[in-house]
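A quick write-up on the structure given underneath.
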4 protein chains.
Amino acid sequence: MDNVIKKIEALGLGIHISKGIERTIIGVIGDESIIRNQPLDALPGVEKVMPILKPYKLASREFKPENSIIDVDGIEIGGNKIAVIAGPCSVESVDSLVEIAAGVQHAGATLLRGGAFKPRTSPYAFQGLGEEGLKYLDVARKKTGLKVITELMDPRETELLEKYADIIQIGARNMQNFRLLMEVVLQKKPVLLKRGMSSTIKELLMSAEYIMSQGNYNVILCERGIRTFEDYTRNTLDLSAIPVIKELSHLPVVVDPSHAVGRWELILPMAKAAIAAGADGLMIEVHNDPGSALCDGAQSLLPKKFAQLMDEVKAVAHAVGREI
Amino acid sequence: MDNVIKKIEALGLGIHISKGIERTIIGVIGDESIIRNQPLDALPGVEKVMPILKPYKLASREFKPENSIIDVDGIEIGGNKIAVIAGPCSVESVDSLVEIAAGVQHAGATLLRGGAFKPRTSPYAFQGLGEEGLKYLDVARKKTGLKVITELMDPRETELLEKYADIIQIGARNMQNFRLLMEVVLQKKPVLLKRGMSSTIKELLMSAEYIMSQGNYNVILCERGIRTFEDYTRNTLDLSAIPVIKELSHLPVVVDPSHAVGRWELILPMAKAAIAAGADGLMIEVHNDPGSALCDGAQSLLPKKFAQLMDEVKAVAHAVGREI
Amino acid sequence: MDNVIKKIEALGLGIHISKGIERTIIGVIGDESIIRNQPLDALPGVEKVMPILKPYKLASREFKPENSIIDVDGIEIGGNKIAVIAGPCSVESVDSLVEIAAGVQHAGATLLRGGAFKPRTSPYAFQGLGEEGLKYLDVARKKTGLKVITELMDPRETELLEKYADIIQIGARNMQNFRLLMEVVLQKKPVLLKRGMSSTIKELLMSAEYIMSQGNYNVILCERGIRTFEDYTRNTLDLSAIPVIKELSHLPVVVDPSHAVGRWELILPMAKAAIAAGADGLMIEVHNDPGSALCDGAQSLLPKKFAQLMDEVKAVAHAVGREI
Amino acid sequence: MDNVIKKIEALGLGIHISKGIERTIIGVIGDESIIRNQPLDALPGVEKVMPILKPYKLASREFKPENSIIDVDGIEIGGNKIAVIAGPCSVESVDSLVEIAAGVQHAGATLLRGGAFKPRTSPYAFQGLGEEGLKYLDVARKKTGLKVITELMDPRETELLEKYADIIQIGARNMQNFRLLMEVVLQKKPVLLKRGMSSTIKELLMSAEYIMSQGNYNVILCERGIRTFEDYTRNTLDLSAIPVIKELSHLPVVVDPSHAVGRWELILPMAKAAIAAGADGLMIEVHNDPGSALCDGAQSLLPKKFAQLMDEVKAVAHAVGREI
């Protein structure tokens, strides 16, 4: 047994020993992949090697059986009340932002989305207004009382973002930008972590674990569609991820149907389906002039259509015992 | 222009000509792929080639703007009332089948599923009871009044199936078994066509078109999950397919969450989500002893759990203005 | 232990018992999915349940360590010499077929492909010439001595196909048309089984097992591209399937780059790559007038281009110690 | 026409006008997605809107018809001679690194890989030695003359990396970390950009465009496998990406079979296939004690096996007219 322990310690892993009558269990704490590549079960005296705990620990339901409720400066995400985040893809002008904010608030949203720093596939595309955009979000927050969520793209801008945002968003393309994940812990601000477009649910939980392992437990997960062969929709919204995450983790789950489907006509049915499947919140792109939006116009709802969405979603929420 | 027409006719395509002042439109009727591979736009006088009609015509919403309602010997699928199909993966014995049938009927199902011929990945797996199984389904139908749906695997068994089934099921693996599709037209029995696990929505509609082009318009489409990289669930249930199909086609859509998720705990939330997204029906695997089921035990609900599902689904159905 | 055995027998599985000093191993023969759904490890006295043999047995390398060489009326597939199958997507006329056959033979092909029955996505597309096409293949065979491969789509046409074909092809869409697989055994004619476009390698081997379990061991596997998110190519050619199949099975592997990439410019590099990766043969679409081909013109090579392909492939074949 | 121009300018796009006799072409420079969401073809006088240039310009073959050859301090990548990069997944100790470096150099490699900063799925996994690792790479470079490639994970470490690396690697998970892409331009050091595991070829070229648009044209692309449903291999190596990239772009392409397949037995055939398909280089994981490797042991070759790979690859390279 000493031999086995020495081997494990040599791999840089933590050890916890539990002696039984017939067997001794050597609990190994650390990366399962290190173990997986080791022929430990070939060592004399070792009966078998098996993974006992999930690779994510702090994010797991075993670690915390009850649901986590994240407090966003008075707005709760993860409780019985469904949180609705709405707003434009990117912040464009203070006037349009305030107008959209007032519209979504009137319809029942309590959080305002809007990108100031935008990750764009093309270097020639509009990259966002930067700090100016953050200031406009602040204006909209002060005028409406809505809480603000906006995306962080660069670890060097973490402090800046934390100054303006009530929730910091980590986008799908940065879900495995591990350095960024390790930064969003300074003030323990809530973090909305979007699932990468080709990430498994396990990988999403591992990325949440990165943030939590640095001491920030205020993590909200977001399903926003995965990449498949189907090309009619922009991505395929994986709603089964909701009950799966609820089973594996205590963290709240928000669904972004706008990015998943990429076409505004499909957003309403998918928003209702998300709530029926158990989502704790919705994130919806709304613009007062989708035809002129600097990004994602095709998937943005007009405020009036968003109000209809809120009405219909409310009926489904009540049907599954939730408030909105 | 004569040159263009001759070229098109030489390809075996139909032609419809519409003369305008500045342009003449030559409508070409037939397979778009023949055109796609032809450099028609390189011919003198041709300005551009563009697809005008969808490749599926009879299945398209343009062809028939109002929703189709399929009559299954008195049970309607595609109207305001949601149809629920329930039963075991495979027919195993007459007693268990009748017991399950009575259970699902009591909970509100109106159609009974059960495979007599089973497509199994392994040649060594249980292949179904064959005609004996069909006879058991008939017994269950007579005892309960439930309509019966069962799968056709072989064109040589079409008449046999049409004798026993109220709906003939074409399974996901046979969605592009075109010879089978062209067979299920003899008595114009309703056909439930399952989406192939890696088929696009467009391909599903093309397969429906195969059946309809032979004269049987009683086609019900079924979303049952697509194959993706996510491995926690058996397949990824693509609920956005529901509003997409509703936009493109007049045919009813039924959702089978059991095969999609592969684990019984996830079926209830996904059934509710399907209805919220606009599905016209559900297909649910129910077994009175899942631990002994000859196939798909892990994804079968006990009748009691199924009754709970019906209660919860009913609330969501009402929330979206549907009956069940 | 009697309890465990009874439970297994009740599931309809075979049993093989091996008594050791500390443990007794109960070997279970049959479908692993039946076991997987059973809580056998919860029974008293059961330490663990593990799969020992692969689900495919006759197709496995364990069953037959040396490579299988399939004899196609004098042409060997699976030996040191690489087999090249070439010809049009579909048989169109006897003249063009004979011309193409002569061209590919001159360049070094030994087998002629050509579809008489074509599985088309659209019911309105050219479906093949049927038996007339088979007769043309026979003419081309007699004139050139090339062996003929053509596709079977319907179990009712098996005898007809066996009369004309030297190799019967099962297409990608029918890889899991299990009734068709069970038919192609009458005369033990060689069968070329194409991998389904979203089938795993394991599923391909299971489908081979279907044919072999009926007594026909003359199975040739064919990789022809899988469906992924990448949309520049028609499918993604999975060349790593070649060494994987070689590791898992004794059956020969042929690669069809034409269907995988869908564009003729890409066929030459992928054909060379296939041979470098260890393929036993190639299947290439060649047409003497791709612009007028009734199907797949965009991916068909002119005979002259095919001759260049043969030259370049030959150099690579020699570099990896193979003849062609 | 003024109306159209104003509308385009209002979208923040550049304009280039070309007047013809029958038509005027308004060239629009900027992000195509902005245009895609605009109903420009509905404006009076607009006949049609079509994308003329590719969204990547500097990376495109149109921009530079001849192949780019990247000079890495005397070693050329992209010319007739194939470049081989080899070394351990992560730098572990100076002794093992120097030993591996000497081994791969002896077998014919000219560049040494080794991670000092490692992106790991788990926060509990070995994260690399950091700057200490970079110093070891410097020692190995001085002892062997091999050029060094290592990964950049954080924009705040760009200067540090540029001090030690001859090629800066951007990993697959950071392919769309746009802020990182915009950093690697300071000294115009060559950059090896890995394709994201679910990125299309077009997206890879767009990310190359990010780097090039900042003034660093020394970009090497790397295919390392994409995520698909096949689970026998870690990823699916998309070798058709090589001829596709060669058609679309002038940039060199290196293939990393080690990460794609994840199992050492498969690396040799896939390395040969990559060269046969036209790759300009290979990137291979080599470790002198794979069983003890701190990461990716299962996919690391022993130096002796790597030497065999070099021999076999050499034969294939010669067969396709390349040196190595």
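Computation of the quantities below employed the complete heavy-atom set of this structure, encompassing side-chain atoms and omitting hydrogens, waters and symmetry-equivalent molecules. Values in this document were obtained by computation on a predicted structure and should not be read as measured data.
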Are B:P243 and A:E265 packed together at the side-chain level, in the sense that at least one heavy-atom pair is separated by less than 4.5 angstrom? no
Validation row: B:V320, A:E312 side chains within 4.5 angstrom (heavy atoms): no
At a 4.5 Å cut-off on heavy atoms, which part of [X] comes close to chain B: side chain, backbone, both, or neither?
X	result
A:T200	both
A:T228	side chain
A:V316	both

Toward chain A, the part of [X] with a non-hydrogen atom under 4.5 Å:
X	result
B:L248	side chain
B:L237	backbone
B:V244	both
B:S199	backbone
B:R227	backbone

Go through A:A241, A:G278, A:A271, A:A273 and name the one with the most non-hydrogen pairs under 4.5 angstrom from chain B. A:A273
Looking only at heavy atoms and a cut-off of under 4.5 Å, which of B:A276, B:A315, B:G321 has the most pairs with chain A? B:A276
Counting only heavy atoms not in [X], do more than 12 sit closer than 6.0 Å to its [atom1] atom?
X	atom1	value
A:H106	NE2	no
A:K64	NZ	yes
A:K314	NZ	no

Straight-line distance of [X] [atom1] to [Y] [atom2], nearest 0.5 Å:
X	Y	atom1	atom2	value
A:S240	B:I267	OG	CD1	12.0 Å
A:M270	B:L239	CE	CG	5.0 Å
A:K272	B:K272	NZ	NZ	16.0 Å
B:Y232	A:L205	OH	CG	10.0 Å

Is there a side-chain contact (heavy atoms from CB on, under 4.5 Å) between B:E247 and A:L266? Walk through the geometry before answering. CA-CA 9 Å; B:E247 185 183 316; A:L266 304 173; 4.0 Å; yes
Closest non-hydrogen atoms of A:D238 and B:E230, given as atom of the first, atom of the second and distance, are OD2-CG, 4.3 Å
